[in-house]
Amino acid sequence: QVQLVESGGGLVQAGGSLRLSCAASGLTFINYAMGWFRQAPGKEREFVAHITQSGSMSYYADSVKGRFTISRDNPKNTVYLQMNSLKPEDTAVYYCAADRRPIYGDYSYSRPGRYDYWGQGTQVTVSS
């Protein structure tokens, strides 16, 4: 079965960096666009970043643009999220997700309902 397993979360001070990884199995990875979302306590799940199947294009939420970078290594079936200049408001559980039929042009990549598979999440806590 399809599995997405996130890792790399933890506790970091404001201004620090973390690199999240999401290892995929049970699917043909290159056929899927990948996204990162996050959910803080009491809040809805929100879009963070998205990368196309080939990795040639990426998209970001305004709140992380310029600080976070999404990338993928297709031979390793892994997508990454490099997070720099972290802020306390970045504290959340971070999830990766896979989309078999991405649509571009209407920001649908930012909607959780577009994605077919989800990981279990990894906690990121940024202290002030």
Side-chain angles (χ1 to χ4, degrees):
Q1 75 276 22
V2 175
Q3 280 194 310
L4 302 178
V5 180
E6 301 96 336
S7 61
L11 174 64
V12 63
Q13 287 189 332
S17 298
L18 281 174
R19 187 196 196 203
L20 305 184
S21 299
C22 171
S25 60
L27 52 72
T28 304
F29 186 67
I30 198 170
N31 288 346
Y32 287 78
M34 299 297 295
W36 284 97
F37 289 77
R38 65 188 182 186
Q39 188 166 18
K43 294 189 176 182
E44 292 187 353
R45 192 166 297 190
E46 67 171 358
F47 169 72
V48 174
H50 175 98
I51 190 166
T52 56
Q53 290 100 320
S54 67
S56 61
M57 295 292 292
S58 56
Y59 305 89
Y60 298 91
D62 287 344
S63 59
V64 307
K65 205 170 291 183
R67 300 188 297 122
F68 291 11
T69 302
I70 188 172
S71 62
R72 64 190 295 162
D73 186 333
N74 284 340
K76 292 185 177 180
N77 288 2
T78 302
V79 62
Y80 304 97
L81 185 69
Q82 177 66 45
M83 305 186 295
N84 298 329
S85 302
L86 283 160
K87 305 175 181 180
E89 51 264 44
D90 295 319
T91 295
V93 177
Y94 283 71
Y95 300 89
C96 69
D99 182 2
R100 179 64 180 89
R101 294 177 179 82
I103 297 174
Y104 300 101
D106 66 347
Y107 304 103
S108 64
Y109 54 78
S110 67
R111 300 174 194 143
R114 281 290 314 166
Y115 291 78
D116 302 289
Y117 302 105
W118 290 83
Q120 82 290 347
T122 186
Q123 176 70 46
V124 171
T125 303
V126 184
S127 63
S128 56

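Computed from heavy atoms alone, side chains included, the values below leave out hydrogens, waters and symmetry copies.
- At a threshold of 4.5 Å between non-hydrogen side-chain atoms, the residues Y109 and T52 do not count as touching.
- Without hydrogens or angle criteria, E6 side chain to C22 main chain gives no donor-acceptor distance under 3.5 Å.
- Across all non-hydrogen atoms, the minimal contact from L27 to A98 is CD2-CB, 4.4 Å.
- Every side-chain contact (heavy atoms from CB on, under 4.5 Å) that Q39 has, sequence neighbours left out, goes to R45, Y95.
- Taken from CD1 in I70 to CE in M83, the straight-line distance is 12.0 Å, to the nearest 0.5 Å.
- For the atom pair CZ of F68 and OG of S85, the computed distance is 9.0 Å after rounding to the nearest 0.5 Å.
- R38 is listed as a side-chain neighbour of V64, based on a closest heavy-atom distance under 4.5 Å.
- Considering only heavy atoms from C-beta on, V12 stays 4.5 Å or farther from T125 through its side chain.
- How far OH of Y115 is from CG of L4: 12.0 Å, rounded to the nearest 0.5 Å.
- The hydrophobic cluster containing Y117 also contains V79, counting ILVMFWY residues as joined when their side-chain heavy atoms lie under 4.5 angstrom apart, directly or transitively.
- Both tests hold for R72 against F29: distance to the six-membered ring centre under 6.0 Å, angle to the ring axis within 45°.
- The line from CG of L20 to CH2 of W36 is 4.5 Å long, rounded to the nearest 0.5 Å.
- Of the inter-residue distances, the one linking M34 atom CE with S71 atom OG reads 11.5 Å to the nearest 0.5 angstrom.
- When all heavy atoms of A14 and P88 are compared, the closest pair comes out as CB-CD, 4.1 Å.
- A side-chain donor-acceptor contact under 3.5 Å links S108 to the backbone of I103.
- Nearest heavy atoms, R67 versus S63: NH2-O, 2.9 Å.
- Within a 6.0 Å radius of NZ in K43, no more than 12 heavy atoms belonging to other residues, nucleotides or ligands are found.
- Using a 30° and 60° split on the angle between ring planes, H50 and Y104 fall in the perpendicular class, above 60°.
- Inter-residue side-chain proximity for D106 and R111 is flagged as met; some heavy-atom pair is nearer than 4.5 Å.
- Using a 4.5 Å heavy-atom threshold, the side chains of E44 and P112 count as separate.
- Rounding to the nearest 0.5 Å gives a distance of 8.5 Å between CG of L11 and OG1 of T91.
- Using a 4.5 Å cut-off on side-chain heavy atoms (C-beta onward), V2 and D116 make no contact.
- Of the charged side-chain nitrogens involved, none lies within less than 4.0 Å of a carboxylate oxygen, so that K87 and D90 do not count as a salt-bridged pair.
- Among all heavy-atom pairs drawn from Q53 and A33, the shortest one is CG-N, 3.6 Å.
- Paired with F47 under the rule ring pair (Phe, Tyr, Trp, His ring centres under 6.0 Å), one option of F37, Y107, Y60, Y59 passes, and it is F37.
- Listed for the S56 side chain is no donor-acceptor partner under 3.5 Å among the backbone atoms of S54.
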